[in-house]
There are 2 protein chains.
Amino acid sequence: MNTLPVRNVLNAGMLEGFAATGMRPAHQARSRELVIRLFNEGLALLNDVDFDGLSIETLCHRTGSTVGAFYSRFENKDAFVNALQRIVVVGARREIYANYENASWETLDQLIGAVARGAALWYRRHEGLVRASLRRANGERDMWTPLRELGELNISCALPRILTFLPPQAHDGAVDRIRLAFQMLFGTLNNIVQVNPGPFTLEDRRTAPFIAEAMTGFIRAGDRRADGAGPTG
Amino acid sequence: MNTLPVRNVLNAGMLEGFAATGMRPAHQARSRELVIRLFNEGLALLNDVDFDGLSIETLCHRTGSTVGAFYSRFENKDAFVNALQRIVVVGARREIYANYENASWETLDQLIGAVARGAALWYRRHEGLVRASLRRANGERDMWTPLRELGELNISCALPRILTFLPPQAHDGAVDRIRLAFQMLFGTLNNIVQVNPGPFTLEDRRTAPFIAEAMTGFIRAGDRRADGAGPTG
DNA sequence: TATTTTTAAGAATGATAATTCTGATTTGAA
DNA sequence: TTCAAATCAGAATTATCATTCTTAAAAATA
C-alpha cells in the first residue's frame, strides 16, 4: 500500500525512560533490543496491514523472535499497539517543541504554511501508524487518544502565535476559526491517509500550501468581519 | 455511541429493481421483508459497532431471524455489507439529483452553503454506516468505493455550477481549488464521524456554514489571483 | 391437490489468531 | 563461578465467529 521507503525510526536510546501500561520493564539488554525490533517491525508492517491484520506470529517471525518472547514483554496486542503509538508520539512531541522554539515567522502565511507543511511531512513519515490508528479509532478502546493529544499540542503551540498576527479586536472570534482551520487540516490529512480520495495526495507538493492558504484565508476573513466589513459574499 | 434517534430508513419499495453482487434475488415476499429488516437492523447496529463487531448471529437474533435465513439471502458478510452500502447510496444519489435540479442559487455563498449543509445533514443521518465504512476502508476490499462515488457525484454536480460564479479567466485554476475545497469538506466530515476531535461536531450549527465559508473563500482567492492581484499575504 | 422450488431453522463445523503454559536458556550481580 | 531472576521457545489451548449442512416448512405452480 505505501510505496515510501521505510526506515527504522526507533533506536535503543529512545527507550530510555519510556514506559507504557501493559509493557513490562526490561531488565536485560537483549529484551530492550527485542522491544526496539518489535516496534520497528511493527511500524513497517503497519504500512501494509492494519491492527487486526497485524499478526503476532508474523511480527515475531520477522523479528527472529517468538510469541513467548513477545508476551513476556507485552501484556497483549493492544498494549503493544498502545506502546508503539506512545513512543512515536514522544518523538513527535519533541519535534513540535523544537520547531516552535527555533523558528520565528514574519507573516501569518509563513507561520501557517510551516505548520501545514510540517504536519504533512509527519503524516508521510507515519502513514501506516496513522492509518491503523484511525481505522481502529473507537469510543471505548480510544485508540486515537495519543494522536489526538498530538494535534492538541500542535494547536496549543500555534494558537497564541497566530493571534499575534491578528488585531486584538478580532481575537475573540478568531479562536473558533483557528480551531476549525486545524480541524480541516487534520481532517483532510487523515482522510488522505485513510481513503486517498484524490486528487490531492500527501506526495503532491501543492497539498500543504493549498490547505495552508485555505486556513489563512478563513482565519483572516474573521479579522475582516471584526473590522465591521460584513460578509464578503 | 450515537445518540441520535435511529429510524428505519429503508422500506420494501426501495428494494424494487435493486440488485447487488452476492445478494440472491428474492422470489418470495417474506424474503424481501427479511432483507429489509436485515438492512434496517444492520444500519441501526452500525451506530454502535463496526463491521467486524457486527455479528451475523446478533443481527439475525435482533430481526427475529436465523443465520440460515441470512445465508440463503447473502453469500457472506461482505456481500451483505456491500449491498447495505449500495442501497443507501442509491437513495443518496436520488437526493443529490433532486437537490441540484430543484434549486437555483443567486450567489456562490448560497450554493456552497447549501452543499455543505446538505452534506453535513446526510452525514448525521448515516453516521454509523459512514464510520463503519471508513474504518474498513482498505486497498483490497475497497469498502469505501460506494461512498467515494457519492462524493464524486456531488462534485460533478457542483463544479460546473460553481464555475458560473467565477470570471472565465479564473476557471482554469479554479478547478483545482474547488476539488481541494471538497476534499477538505469531506475530510473534515469524515474525521468528525470517526474521531470526533472537537470542538466542531455534526450537531453544531456553526460547522457547515464555517466549512462553507472556508471553501468559498479559498475558491474566491484563486479568482483574485487570476485578476493579477497577487498573494494576499 | 400434488409436486417442485424457495426459504427457514439451528446445530455442527472449521478456520483464524490471540493467549497461555511448561520447561529450557541466558543474564547479570554477588 | 554461582545462582536466582529474567527471558525465551514453541507447542498446546481457547475463544470467537463466519460459514456450512441437513432437515423441515412454506410458497408457488400445475
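Convention: sequence-line order gives letters A, B, ...; per-chain numbering from 1. All values below come from the heavy atoms of this structure, side chains included, with hydrogens, waters and symmetry mates left out. Every value quoted in this text rests on a predicted model; they were computed, and no experiment measured them.
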Rounded off to whole Å, could you give me the CD-to-P distance for the Glu33(A) and dA6(D) pair? 19 Å

Reading nucleotides 19-30 of chain D 5' to 3', which nucleotides get B (base under 4.0 Å from a protein heavy atom), which S (sugar-phosphate only), which -? BB-----SS---

Using distance alone, with no hydrogens and no angle criterion, decide if Asn76(B) and Tyr71(B) have a side-chain donor and acceptor under 3.5 Å apart. no

Regarding Arg136(B) and Asp78(B), does a basic nitrogen lie under 4.0 Å from an acidic carboxylate oxygen? yes

With a 4.0 Å cut-off on N to O distance, would you call Arg86(A) and Glu149(A) a salt bridge? yes

Kindly assign one of parallel, tilted or perpendicular to the pair Phe80(A) and Phe74(A), based on the angle between their ring planes and the thresholds 30° and 60°. perpendicular

Judged by atom type as modelled, is there a donor-acceptor pair below 3.5 Å linking the side chain of Glu75(B) to the main-chain atoms of Met23(B)? no

Donor-acceptor contact below 3.5 Å, side chain Asn40(A) vs main chain Leu10(A): yes

Tell me, please, the opening and closing nucleotides of DNA chain C, 5' to 3', among those with an atom under 4.0 angstrom from a non-hydrogen atom of chain A. dA18(C) to dG28(C)

Quick one: label Thr66(B) by what it contacts on the DNA or RNA (base, sugar-phosphate, nothing), any heavy atom closer than 4.0 Å. base

Length of the CZ-C1' vector between Arg32(A) and dC8(D), whole Å: 16 Å

Check every strand shown and say whether Leu59(B) touches a base, only sugar-phosphate, or nothing at a heavy-atom separation below 4.0 Å. nothing

Using a strict 4.0 Å threshold on nitrogen-to-oxygen distance, state whether Arg179(A) and Glu152(A) make a salt bridge. no

Tell me if a side-chain donor or acceptor on Glu213(B) pairs with a main-chain N or O of Phe218(A) at a distance below 3.5 Å. no

To the nearest Å, give me how far apart CG (Leu34(A)) and C1' (dA9(D)) are. 12 Å

